[in-house]
Amino acid sequence: MVIRMKSSLQYGTATQPLNEFIRSIRLVRDEILMLDQTLLPIEEETLVIRDYRQCIEAIKMLRIRGAPAIGVAAGAAAWLAAMEFEGKGDYLELMHKALDEIEASRPTAVNLFKATQAIRKIIQGNDAGRILEFTENLIDYEIEACKNMGIHGAEEIKGEKLGILTHCNTGSLATVGIGTALGVIRTIAQDRPVHVFVDETRPLLQGARLTTWELMQSGIPCTLITDNMAASVIATGAVDCVITGADRIAANGDSANKIGTYGLSILAKHHDIPLYIVAPESTIDRDTPTGEQIDIEERKPEEVVGFREVRTAPNGCKVYNPAFDVTPAENIAAIITNTGIWHPGS
Ligand code: MRU
């Protein structure tokens, strides 16, 4: 496909209804069932997790990822810890230590800390049932939030036919419902034709591996591009708007999301197209005044010097690998949440 002009694009509506979505994590009997996202789309393997330490490892390794899904995984890990420590004399001490370990897994997505802080407040002894109930309520909340973000987003984003660019993965895999940005895209595509450009999202390729996989299951036309192609694709006029998610939104609207989102916001501004951030209230951190105070995770150099077993850079080469960047509120046309639309820059 050569994108010379918008009229050459193939647009289409979704074939998959909104009540069908992949379950990234489930709590069944006394186990966590988790789709291992590091193997997708080549292998679809479900992990059976019985130890909270294994759940922490899964969060660290991005077997489960995406802000709302990480929040649920934190609750699920605490549930396993409570089952393990119940009946022990130093139960509360062990639980707070386990919650410290869960909090040390990934620093940026605020959903994780909201879950652990809420659990710290309810633990008193014999809490497994209470934590299970908390985590199942969180799953219900996030499913409903995704649905409502979709409704608000589809109302806010006008246009009969839309070319949309997205970054990272914000679908069912990253949430426990239809998704944040991808949920809005799926909702729009129920009755309006769209074409989605998917940034591959270096270094871990969440766009190439996960977003294309989800969009293809939804029957939504999409085109994969490498991250450095976004500017030239936008310059063709094929992109009407950029829609992404967020991992933590500060009180002033500055939004941390997958590395590369800030660059897209500058491109969108330059080309006079809107960039929308889609996130549930659980991703808004009103205790953090601006993006400057958001802790940005730096990950291992190994993720940049190659992919899986294939080495691409010379041994010893220095690497910088921040997992997120901050898009200033002034570059965001609107933040679409489950409770409504927020125009942070105005
Ligand atoms: O490092 P990841 O894959 O966990 O990063 C995920 C993102 O940046 C998503 O865009 C974000 O969590 C919001 S969508 C649920």
Side-chain angles (χ1 to χ4, degrees), residues 21-22 24-25 34-40 58-74 105-115 138-139 141-143 145-146 149-150 153 165-186 198-211 213-214 227 242-249 255-265 275-285 291 294-300 303-304 321-327 332 335-338:
F21 52 88
I22 305 149
S24 50
I25 178 167
M34 186 188 284
L35 192 54
D36 186 347
Q37 299 187 30
T38 61
L39 303 177
L40 288 171
I59 299 172
K60 283 186 182 161
M61 298 304 290
L62 273 58
R63 301 188 197 287
I64 184 143
R65 42 144 304 279
I70 291 175
V72 169
S105 60
R106 291 195 78 187
T108 306
V110 72
N111 305 58
L112 182 146
F113 299 89
K114 286 195 177 174
L138 183 59
I139 292 174
Y141 165 87
E142 296 294 359
I143 291 175
C146 286
M149 284 181 271
L165 190 141
T166 193
H167 191 65
C168 197
N169 170 266
T170 62
S172 303
L173 293 167
T175 61
V176 287
I178 55 169
T180 58
L182 217 57
V184 168
I185 294 170
R186 282 187 61 181
V198 181
D199 268 0
E200 73 172 346
T201 317
R202 279 275 292 146
L204 296 178
L205 307 181
Q206 289 92 331
R209 295 187 300 107
L210 310 176
T211 302
W213 188 68
E214 286 198 46
D227 300 334
V242 179
I243 315 182
T244 75
D247 284 79
R248 188 184 294 238
I249 302 178
S255 299
N257 190 48
K258 180 54 57 195
I259 189 78
T261 308
Y262 171 47
L264 287 177
S265 79
L275 175 131
Y276 300 100
I277 297 279
V278 188
E281 287 285 333
S282 56
T283 300
I284 301 175
D285 178 8
I294 297 177
D295 190 354
I296 299 292
E297 175 182 11
E298 268 198 54
R299 294 186 60 85
K300 288 192 193 136
E303 292 180 353
V304 176
N321 186 17
F324 303 98
D325 57 24
V326 175
T327 297
I332 301 170
I335 297 176
I336 297 163
T337 77
N338 48 322

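Heavy atoms only: backbone and side chains are in, while hydrogens, waters and symmetry mates are out. Start at 1 and go down the list; that is how both ligands and their atoms are numbered.
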Colleague: Would you say Arg186 and Phe21 make side-chain contact, with heavy atoms under 4.5 Å?
Modeller: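 When only atoms from C-beta onward are counted, Phe21 and Arg186 do touch, with a gap below 4.5 Å.
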Colleague: Please tabulate, one line per pair, the protein nitrogen or oxygen atoms found under 3.5 angstrom from a nitrogen or oxygen of ligand 1, with distances to 0.1 Å, or say none if there are no such pairs.
Modeller:
residue, atom, partner, partner atom, Å
ligand 1, 1 (O), Arg106, NH1, 3.4
ligand 1, 1 (O), Arg106, NH2, 2.8
ligand 1, 1 (O), Lys258, NZ, 2.7
ligand 1, 3 (O), Arg65, NE, 2.5
ligand 1, 3 (O), Arg65, NH2, 3.4
ligand 1, 3 (O), Gln206, NE2, 2.9
ligand 1, 4 (O), Gly66, N, 3.0
ligand 1, 4 (O), Arg106, NH1, 2.8
ligand 1, 8 (O), Asp247, OD1, 2.8
ligand 1, 8 (O), Asn257, OD1, 3.2
ligand 1, 8 (O), Lys258, N, 3.3
ligand 1, 10 (O), Asn257, OD1, 2.7
ligand 1, 12 (O), Ala67, N, 2.8
ligand 1, 12 (O), Asp247, OD1, 3.3
ligand 1, 12 (O), Asp247, OD2, 3.0

Colleague: Ignoring hydrogens and geometry beyond distance, is a side-chain donor-acceptor pair present between Thr38 and Asp36 at under 3.5 Å?
Modeller: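 A pair is found: one side chain offers a donor N or O, the other an acceptor, under 3.5 Å apart.
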Colleague: Just wondering, do Thr337 and Ile284 contact through their side chains at under 4.5 Å, heavy atoms?
Modeller: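 They are in contact (side-chain heavy atoms under 4.5 Å apart), so the answer is yes.
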Colleague: Can you name the side chain to side chain donor-acceptor pair (under 3.5 Å) partners of Arg209, sequence neighbours left out?
Modeller: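 Applying side chain to side chain donor-acceptor pair (under 3.5 Å) to Arg209 gives none.
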Colleague: Please identify each residue that fulfils salt bridge (Lys or Arg N to Asp or Glu O under 4.0 Å) with Asp227, with sequence neighbours left out.
Modeller: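 Checked Asp227 against salt bridge (Lys or Arg N to Asp or Glu O under 4.0 Å); zero matches.
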Colleague: Can you list the residues that meet the salt bridge (Lys or Arg N to Asp or Glu O under 4.0 Å) rule with Asp295, with sequence neighbours excluded?
Modeller: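 Testing Asp295 for salt bridge (Lys or Arg N to Asp or Glu O under 4.0 Å), a comparison that skips the adjacent residues, returns none.
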